[in-house]
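As structure tokens, the structure follows; a few thoughts come after it.
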Amino acid sequence: MSHALSQKALPKQAEALLSGRAKVTTYESTGGKTTAKFAQHNLSLIPPIPAGSIIHDNCTGSGTVSRLILQQQPDVKIYATDIDQPFLDVLSEDAARNSWPVEASNQRSEKTNFADAFFDYDITNIGVIFWTGGGADGVKEVYRTLKPGGTALINCWQSITWMLPIFLVHKQFRGDAAFPAPPVNWTDGQQLRRVILEAGFTEEKLRLERQEVQSVVPAGEFREWVEKTWAYLAGIGGWHEVDAEKWDEEVDRLAEVLKQQPGTTVEGGNVSMKASQWIAVVEK
Ligand SMILES: C[S@@+](CC[C@H](N)C(=O)[O-])C[C@H]1O[C@@H](n2cnc3c(N)ncnc32)[C@H](O)[C@@H]1O
């Protein structure tokens, strides 16, 4: 392909799906459905959260973890942090409207303003992969701010059916430069284990498990799901001139490749795609 590969502004097709609040809806109707399944499962791995607990919903997004906790235990105090303000705004408004005990603030996980030994729980649902130092800098902060005896839940992707198709469409339309994936490989769970132990947690109090979920997109909604997923993920590392020019072709090709993946099944028009996580449950 001879298309220019220079970094470009957001294509208008992606802009419509990613500007302000639209970004939150786009995330929640695609990858967010899967991360919510992970969060639900992970909360079931620990005993019920006692009343009065102080909780860090770390890398909260728009509060998926906070919302799940409040369904089972409303008598808690949750500090929800993230660096993406539109997501925090959605959570803050919902918290105010429903009088939830949730305080949302814009803070980097690697350096927060919380005191040492402040939290009973730190729950980071698909956040560690974004932290500096290959995750280590944020996990150290989790350790510092957790009370002795407190529990952390930290998970990372193991595999996602839609990532390889995104790399393939990237290569087909944008040329040979590698898709800028995270420099660290999280797929075997060993990076997660390593950064947790390096932060000061001990092997005896660490439980590391794998879990698989299905992301099911109902018949008739698949093209829209694919377009939103392309908009959300294809711009990692920048957009290219060809993206605006050939947007529909890219999305159609992604849909086609996705349906051919070993992790995908199509039944009655419903498209089911596999995603899996490594989850660490660890006590300080
Ligand atoms: C995959 S989303 C997960 C959101 C939410 N926990 C959920 O379950 O849907 C990752 C979130 O981490 C946030 N994030 C990435 N790097 C961060 C950092 N260094 N400090 C705080 N938040 C960060 C992003 O803004 C994004 O909202």
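Nothing fancy with the numbering, it's 1 onward along the sequence. Start at 1 and go down the list; that is how both ligands and their atoms are numbered. A quick note: this is a predicted structure, and the numbers were derived from the prediction, not measured.
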Gln260 CD: over 12 foreign heavy atoms closer than 6.0 Å: yes
Any donor-acceptor N or O pair under 3.5 Å, side chains Ser276, Glu212: no
Distance-only side-chain donor-acceptor flag, Trp230 / Glu250, under 3.5 Å: yes
Heavy atoms from other residues, nucleotides or ligands near CD of Gln158 exceed 12 (cutoff 6.0 Å): yes
Flag for Asn42-Gln277: side-chain donor and acceptor within less than 3.5 Å: yes
Ser62 versus Tyr27, side-chain donor and acceptor atoms under 3.5 Å: no
Residue contacts for ligand 1, heavy atom to ligand atom, distance under 4.0 Å: Tyr27, Thr35, Cys59, Thr60, Gly61, Thr64, Asp82, Ile83, Asp84, Gln107, Arg108, Ser109, Glu110, Asn125, Ile126, Phe130, Trp131
